[in-house]
Amino acid sequence: MKGIDFPIFKTKMSGAGGKKFDLTDSAERRKYFELKAGKEIKKLREYLKKKTFVAYLLGKKNSGKGTYAKMLQEIVDPKHIEHVSIGDMVRKFDEVKKDKKKKKEFVSFIENNYRGYSSPKDIIDAFLGRSTKNLLPSELILALMKKEMAEKGRKAIFIDGFPRELDQISYTLFLRDLIDYRNDPDVFILIDVPEKVIDERIKYRLICPLCQTSRSSKLLPTKNVYYDEKTKSFGLICDNAGCKGAKMVTKEGDQYGTAPIKDRLVKDEDLMRKVNGLHGVPKIFLRNAVPVAKAKQKVDGYELTPEYVYEVKNGKVVVTEKPWQVTDDEGNPSFSLMPPPVVVSLIKQLVKALGL
């Protein structure tokens, strides 16, 4: 990403004996993390017995913020770490519209906790009649977060989706006090993902029309791949255990990739550059891709994201895989990384940021 230096983090270990792990298997992932970040994981677990932290996840849309936070939670300490998605949080509060008692409690909460330049009535009306196209006022988001944090209890929090606007950055500096984290640190996590990666993630995304399971024809196929003679193309059949096995389809608009969200991606970049200039708050830099020229020195082959390729042989569809190569935002041929090596980088940098 232009304007910010995202170092290439080395996860390749000498003397590992050529050990390979299946990073899609949870048991294998645990062995992988123990090998590559065991000491740091132990330090974090000890730290979380007494203290917490607030981490703000900043990255472009579809950059993997939730994936990285949830994987760290799974590996380090599920009981003492929470991932809070602002989008999910707001949608959860949408349920108050359907329940008179919850609506009354919500109105009372806002009246007692909201502080801003719009009246509480206007804020409540705006929220209850909100459109997903319009962002909610920062002051209301803070009030909702205060309620959410109180319900979570005293845990380390990864916040996904805040700040989202440039004027919200300053609010993060006071968030620890608002949710009673006065003695615990906060940290910004900046995530760099080539726009080409985001574009192809969207374009190749498929969903089941029956059960809404999501897959990718390029990056995460089902076990059942078919070839359509009429369209001369390959497709996926849903293999979700509870589904009847429908042909998966492209979600409306996905065929355009990142084109409809260009403005959002530009705003996300501006936000990260602004945060990068902040003083007084530790920052962690994660990158999703590694240049092809440096991949062998920096990562193990199984840490690269596989791309699945299809062909018809003797009337049957044969599926093979190879490292997914893309062009990064500077024009360099690069390999996309699987989530685990990115999380190894996150764990080690977090330990350093916390002074452990």
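Partners of Tyr256 according to the ring-ring contact (aromatic ring centres under 6.0 Å, His included) rule, which considers only residues two or more places apart in sequence or in another chain, do not exist here. Every side-chain contact (heavy atoms from CB on, under 4.5 Å) that Ala55 has, sequence neighbours left out, goes to Phe53, Phe158, Val187, Ile189. Under the rule for a side-chain contact (heavy atoms from CB on, under 4.5 Å), the partners of Thr24 that lie at least two apart in sequence or sit in another chain are Asp22, Met338. With sequence neighbours excluded, the residues that form a side-chain contact (heavy atoms from CB on, under 4.5 Å) with Glu311 are Lys313, Val318. Partners of Phe285 by ring-ring contact (aromatic ring centres under 6.0 Å, His included), not counting sequence neighbours, listed by chain and number: Phe6. Under the side-chain contact (heavy atoms from CB on, under 4.5 Å) criterion, Glu330 pairs with Lys2, Asp328, Asn332, not counting sequence neighbours. Every residue meeting the side-chain hydrogen bond (donor to acceptor under 3.5 Å, both in side chains) condition with Glu82, not counting sequence neighbours, appears here in chain and number order: Lys155. With sequence neighbours left out, the salt bridge (charged side-chain N to carboxylate O under 4.0 Å, His left out) criterion links Glu105 to no other residue. Not counting sequence neighbours, Lys296 has no partner by the salt bridge (charged side-chain N to carboxylate O under 4.0 Å, His left out) test. When the ring-ring contact (aromatic ring centres under 6.0 Å, His included) test is applied to Phe335, no partner is found at least two apart in sequence or on another chain.
Not a single donor-acceptor pair under 3.5 Å links the side chain of Lys65 to the backbone N or O of Ser63. Remark: side-chain polar atoms of Thr222 are paired, donor with acceptor, to backbone N or O of Ile237 under 3.5 angstrom. The backbone N or O of Ile347 sits nowhere less than 3.5 Å from a side-chain atom of Glu40 that would complete a donor-acceptor pair. Judged by distance alone, the side chain of Lys283 and the main-chain N or O of Leu278 form a donor-acceptor pair under 3.5 Å. A donor-acceptor distance shorter than 3.5 angstrom exists from the side chain of Gln255 to the backbone of Gly253, with no hydrogens or angles considered. No donor-acceptor pair closer than 3.5 Å links the side chain of Thr327 to the backbone N or O of Pro333.
Asp263 CG to Asp268 CG: the interatomic distance, rounded to the nearest 0.5 Å, is 11.0 Å. Atom CH2 of Trp324 is separated from atom OG of Ser334 by 11.5 Å, given to the nearest 0.5 angstrom. Separating the CG atom in Asn62 from the CD1 atom in Ile202 is a distance of 5.0 Å, to the nearest 0.5 Å. Atom NZ in Lys348 sits 9.5 Å away from atom CD1 in Ile41 (nearest 0.5 Å). Expressed to the nearest 0.5 Å, how far CG of Asn240 lies from OG of Ser214 amounts to 11.5 Å.
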*Take Lys274 and Asp270 through the salt bridge (charged side-chain N to carboxylate O under 4.0 Å, His left out) test and state the conclusion after the steps.*
CA-CA 6 Å; Lys274 187 75 173 179; Asp270 289 343; over 6 Å; no
*asked:* Assess the residue pair Glu74 and Lys70 against the criterion (salt bridge (charged side-chain N to carboxylate O under 4.0 Å, His left out)); give the C-alpha distance rounded to whole Å, side-chain angles, the decisive distance to 0.1 Å, and a yes or no.
replied: CA-CA 6 Å; Glu74 168 199 325; Lys70 290 175 182 176; over 6 Å; no
*Taking it one step at a time, do Val343 and Thr67 satisfy side-chain contact (heavy atoms from CB on, under 4.5 Å)?*
CA-CA 9 Å; Val343 175; Thr67 298; over 6 Å; no
_Steps toward salt bridge (charged side-chain N to carboxylate O under 4.0 Å, His left out) verdict (Asp77, Lys49)_ = CA-CA 10 Å; Asp77 192 341; Lys49 290 178 181 179; over 6 Å; no
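Side-chain contact between Gln297 and Lys12: absent, with no pair of heavy atoms (C-beta onward) separated by less than 4.5 Å. At least one side-chain heavy atom of Leu190 sits under 4.5 Å from a side-chain heavy atom of Val275. Counting only heavy atoms from C-beta outward, the side chains of Ile284 and Leu346 approach each other to under 4.5 Å. The closest side-chain heavy-atom distance from Tyr32 to Pro341 is below 4.5 Å. Leu57 is not listed as a side-chain neighbour of Tyr68, based on a closest heavy-atom distance of 4.5 Å or more. Counting heavy atoms from C-beta outward, Asp300 and Lys36 have side chains that approach closer than 4.5 Å. Counting heavy atoms from C-beta outward, Lys61 and Lys267 have side chains that stay 4.5 Å or more apart. Between Val351 and Tyr47 there is no side-chain heavy-atom pair separated by less than 4.5 Å.
Residues Asp186 and Pro282 come closest through the heavy atom pair O-CD, 3.4 Å. Taking both residues in full, the closest heavy atoms of Asp239 and Arg215 are given as OD1-NH2, 3.3 Å, listed atom of the first, atom of the second, then distance. Between Gly257 and Asp199, the shortest heavy-atom distance links the atoms CA-OD1, 3.3 Å. When every heavy atom of Ile8 is checked against every heavy atom of Arg287, the shortest pair comes out as CG1-NH1, 3.5 Å. What you find for Cys238 and Asn224 is that their closest heavy atoms are O-ND2, 4.4 Å. Nearest heavy atom pair, residue Gly66 against residue His83, reads CA-NE2, 3.6 Å.
A donor-acceptor contact under 3.5 angstrom links the side chains of Ser336 and Asn288, judged on distance only.
Hydrophobic cluster membership of Met248, counting Ile, Leu, Val, Met, Phe, Trp and Tyr whose side-chain heavy atoms lie under 4.5 Å apart directly or via other members: Leu206, Val225, Tyr227, Phe234, Leu236, Tyr308, Tyr310, Val312, Val317, Val319.
Ionic pairing of Glu195 and Lys262 is present here: one or more N-O contacts between side-chain nitrogen and carboxylate oxygen are shorter than 4.0 angstrom. Between Glu46 and Lys42 there is no salt bridge, since no side-chain N of the basic residue sits under 4.0 Å from a carboxylate O of the acidic one. Between Asp254 and Arg205, at least one side-chain nitrogen of the basic residue sits less than 4.0 Å from a carboxylate oxygen of the acidic one, meeting the salt-bridge criterion. With respect to Glu200 and Lys196, a salt bridge is recorded, a charged nitrogen being found less than 4.0 Å from a carboxylate O.
Sorted by first then second residue, the side-chain hydrogen bond (donor to acceptor under 3.5 Å, both in side chains) pairs that include residues 314-323, not counting sequence neighbours, number zero.
With Tyr56 as the fixed residue, the side-chain contact (heavy atoms from CB on, under 4.5 Å) test singles out one of Ile159, Ile157, Asp160: Ile159.
Dense packing is recorded around CG of Asp228, with more than 12 heavy atoms of other residues, nucleotides or ligands lying under 6.0 Å away.
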